[in-house]
Amino acid sequence: MLPPGARASHAIIYNSQFHSHRNHSPMHRWSELFIPTLREAPADAEVASHKFLVRAGYIRQLAAGIYSYLFLGNRSFNKIMAIVRQEMDRIGQEFFLPALHPREIWEASGRWALMGDNLFRLKDRKGADMCLGMTEEEVMTEIARKELRSYKQLPQIWYQIATKFRDEPRPRSGLLRVRQFMMKDAYSFDIDAAGLDVSYKKHYETYCRIFDRCGLKYMVVEADSGAMGGKESHEFMVRTPAGEDQIVSCDGCNYAANMEKATSKLEAVADLAAEGDGTPLLVHTPGQKTIEDVAKFLGVSPKNKIKTLALMADETDAAGKKKSRAIVVLMRGDHQLNEAKLNATVAVATRPMEETEIERLFNSPAGYLGPLGIEWAKDLKRDVDQPMLLVDKALEGRANLIGGANKKDYHLKNLTPGKNFQPTAYADLRSVTAGEACPNCGKALRIDTAVEVGHIFKLGYRYSESMGARVLDKNGKEVTPIMGCYGIGIERILTAAVEQSNDENGFWLPPAIAPFEIVVSATNVKDEKVKSAAEDIAKQLETAGFDVILDDRDERPGVKFKDADLVGIPFRITVGKKVTEDTVEVVLRSTREMRDVRITAVVEYFQELLGRTS
RNA sequence: CGGGGCGUAGCGCAGCCUGGUAGCGCACCUGCCUUGGGCGCAGGGGGUCGUAGGUUCAAAUCCUAUCGCCCCGACCA
C-alpha cells in the first residue's frame, strides 16, 4: 500500500528492493534463519521429544500446555498436514470450521454439561456463553442438520485440520498432552449402518496410508468407545515409554487392544471344597483385613478369595438434584478393577466409597464387606435406589469362595455366586496383566505404553439424534443419519517420530516429515573452494526437488555437526577438505553410516536413496 | 482437585539454613586466533532475585498471601 501522496516511482523502488532481496537467497541458508538450538534442555523437560524439540529450536513454551512452533517445527507440521490432507482428500472434503462456538450447540448435544472443566469457556461482550472447540461434532452436525435433506446426498465425509482447545487438568510431556493443539478431525454421515461400515473402513485404510507415509511404526488396537455409545473403535498407537496409554498385544497373532478393552483367557482355578453343610460358614479372622492377610491366615490362594470394592456414583439428575448410587464390585482376589470397563458398564463415573459411607449403607466395617444380606438391584437400570452388585466374569461359575461377612474380624466360607447371592450383573471388569493368555491364540500377552496418534470410531446416532439431523430415505421416510468420527493428532505424529528415533545427540525424522531432508554442512566457509562447492551442491539438490538447508554459518565444524545431529534432518552432506578430490561425504543420521560420494554424483545418489526421479 | 517440588541473566545452576557488595558455566557482543565434532586468549553487556505485603537499621535470604511452572495421583477424543 502506498502512503498518501507517495509517487508511484517510490513504490517501484521499494518493490525492486524487496524482490532483489528475495531473489538473492532462494536457498535456505542456516546463517540467515532463526534456529535457536540449545546445548541444554530446560530442566522441566522429562521425555525425549520434549527435550529435543526445545533444544532443536522447533518449539518454545508460552504457558502450561501451550507452545509456539518456530521455523523448523512449523515446517515439519506443514509437511505432516500436507500428507494428511492429500490422503484425506481421496475420501473426503476439507472444511474449515470456527474454533469459537456458541453455547447453544453444545447444549443441544448435551456436552456443555458433560465436558465439565475440560471445555474452555468464555463470555462475549453481551454476556453470552461461548466455548473453544475441543472437537467439532456439534458444528459438523449442525451443518448436516441444516443442509442434508435426502439420502441422495449421502454418504458425506467432511474433515478439517484445525486448532483445538482442551483445558487439560494436567498438561505434560511437552507436546504429548497440551491445551491447544492441531487435530485433523473428520466426520462421516451415512444413511445406515452398512454405509457407516464403508466410511469407517475408508478411514481405517486412509489412516494406515497416512501413518505409513509419515514413517511411523504404529499398531492398530481395538479401543473402548467410551460411555458415549458407539460400537466399533480403533486406535492407532505408537509404542514408546513416553506414552500415556497402555496397550495389550500378542506377538503370536494380530490381537491388539487398548487396556480399557483388552481381555485374556484365564487358566482354570481349582475351587475349594465345600466345608460343613456347604452353606456360608462364618470364620473368625481377627485383624485380617487385606486379601493377602486373609488368604495367608486361612491358608488359601487369593484366587479363592473375593475382593470386594465399594464405589459411589455421584450424579446430578435433570432437576439438578444430587444423587448417589452405591456400586459394589466383586473381583477375584488377585485381580485389578479396570475403571474404564466399569464406567462403560454402568455408564457413569465412580469414586471409591468412604469408610463412613460403607458403614452407614451396609452396616459393615470397611474391610469386611461381603455380598450377603444386602438387597441388590435386579438389573442395570439407573432409576432405582438399591445398590448394584457387579461381579466380574472371572467369578462366574466359581464356588466356595471366601469373602467378607459384614462383621468385624469375620469372613465367610462357601460363598457361591448365583447360589448364595444374586448379582445385579456379571461383567468383564478386570484389567489384563502381562503374561496372561491371548484370547485368540493363547500365547502370552504383552503390555506396552504407547502414544495415541489416531482414533477412529463409529459414533452412531448420538449427535445426529440429539441435534435433530434428518434425511428422507428412498421411501420418503424420515431417518437419522448415522455418524462416524475420526481424529489424528498432528503434533503427536511429530512427537511420536522423535520418541521413536533419537539418541544422546538428538533425533532424526523420516524424510517425509523432516523440516529439511538434507543439510549441506560447509566445514569452513572461509575456504572459497569449500564454500562454493557447498553452495553448488545445495543448489543442484534443490533444483532436483530436494528439501535442502545449507549450513553456511561461520562456525567451527564441530558446532555444525552437533547442530546437524540435533535437529532431526535425516541426511547430511559434509563438504570439506575432500572437495579437492571432487568428493563429499554423505552421512545417514540414523545409522551414522558415512560414505564418500563424487560431487557430480550427489544428486543421483539421493534420487536413488530416496527413491525419487527427477 | 489431592500429594510433592521449583521460581535468582536467554539456558543450566550456586547463594537462602546462619539477613549486610548478586555469583558460576554455557549462550551473547568486540578484537585477535582457530577451522573435521559445541576451539583458545583478552575485553565487555545483561538480573525489579515470580508478584504483593510484612518483620528489620538492612531482605534473594525470615514471615504471610498470591501467581506461575514441573512431577506423582485423579482425569483424559
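So you know, we letter chains A, B, ... as the sequences are listed, proteins then strands, and number each from 1.
- When ring centroids are compared, Phe571(A) and Phe516(A) stay outside the 6.0 Å threshold.
- Side chain of Met594(A), nearest nucleotide from rG38(B), rG36(B), rC69(B): rG36(B).
- In this structure, Leu38(A) atom CG and rC13(B) atom C1' are separated by 15 Å, rounded to whole Å.
- Here rC39(B) sits opposite no nucleotide as a Watson-Crick or G-U wobble pair (both hydrogen-bonding atom distances under 3.5 Å).
- Minimum interatomic distance between Gly57(A) and Leu70(A) (heavy atoms only, all atoms of both residues): O-CB, 3.5 Å.
- Asp565(A) comes within 4.0 angstrom of a base, heavy atoms only.
- In terms of position on RNA chain B, the residue among Met183(A) and Gln61(A) whose nearest nucleotide sits closer to the 5' end is Gln61(A).
- Below 30°, between 30° and 60°, or above 60°: for Phe507(A) and Tyr58(A) the angle between ring planes is above 60°, a perpendicular geometry.
- No option in Ile247(A), Val238(A), Asp245(A), Asn258(A) other than Asp245(A) meets the side-chain contact (heavy atoms from CB on, under 4.5 Å) test with Glu452(A).
- Residue contacts shown for Arg55(A) include a base, since a base heavy atom lies under 4.0 Å away.
- Base pairing annotation: rA59(B) forms no Watson-Crick or G-U wobble pair, as no partner gives both donor-acceptor distances under 3.5 Å.
- Pair check for rA74(B) finds none; no Watson-Crick or G-U wobble contact set falls under 3.5 Å.
- Taking atom CD of Glu40(A) as the reference point, atom C1' of rG38(B) lies 12 Å away to the nearest angstrom.
- The P atoms of rG7(B) and rA42(B) are separated by 32 Å, rounded to the nearest whole Å.
- Closest contact between the side chain of Arg556(A) and the listed nucleotides rG36(B), rU35(B), rC69(B) involves rU35(B).
- Using atom C1' as the reference point in both rA52(B) and rA60(B), the two lie 16 Å apart (nearest Å).
- Taking only side-chain atoms of Arg172(A), from C-beta outward, the nucleotide of rC69(B), rG36(B), rC75(B) with the closest atom is rC75(B).
- Between Leu342(A) atom CG and rA74(B) atom P the separation is 15 Å, expressed in whole Å.
- In this entry rG45(B) has no Watson-Crick or G-U wobble partner, no candidate having both defining distances under 3.5 Å.
- Listed nucleotides: rC11(B), rG36(B), rC71(B). Nearest to the side chain of Pro42(A): rC11(B).
- Across every strand in view, rG7(B) sits in a pair with rC67(B) that passes the Watson-Crick or G-U test at under 3.5 angstrom.
- The nucleotide whose nearest atom lies closest to any side-chain atom of Asp554(A) is, among rG37(B), rU35(B), rC69(B), rU35(B).
- Just one of Met183(A), Glu499(A), Arg177(A), Met182(A) meets the side-chain contact (heavy atoms from CB on, under 4.5 Å) condition when paired with Arg492(A); it is Arg177(A).
- Cation-pi check for Arg179(A) over Phe120(A) is not met; the charged atom does not lie both under 6.0 angstrom from the ring centroid and within 45 degrees of its normal.
- Note: CD (Glu585(A)) to P (rG37(B)) measures 12 Å, nearest angstrom.
- Distance Arg170(A) CZ to rG3(B) C1': 11 Å, rounded to the nearest Å.
- Note: CD1 (Ile35(A)) to P (rA27(B)) measures 18 Å, nearest angstrom.
- Separating the CE atom of Met237(A) from the C1' atom of rC76(B) is a distance of 12 Å, rounded to the nearest angstrom.
- Where Pro557(A) and Gly65(A) each meet RNA chain B at their nearest nucleotide, the meeting point lying more 5' is that of Pro557(A).
- Within the 4.0 angstrom heavy-atom criterion, base atoms lie near Lys526(A).
- Within the 4.0 angstrom heavy-atom criterion, base atoms lie near Gly576(A).
- Spacing between atom CG of Asp563(A) and atom P of rU35(B) amounts to 21 Å, rounded to whole angstrom units.
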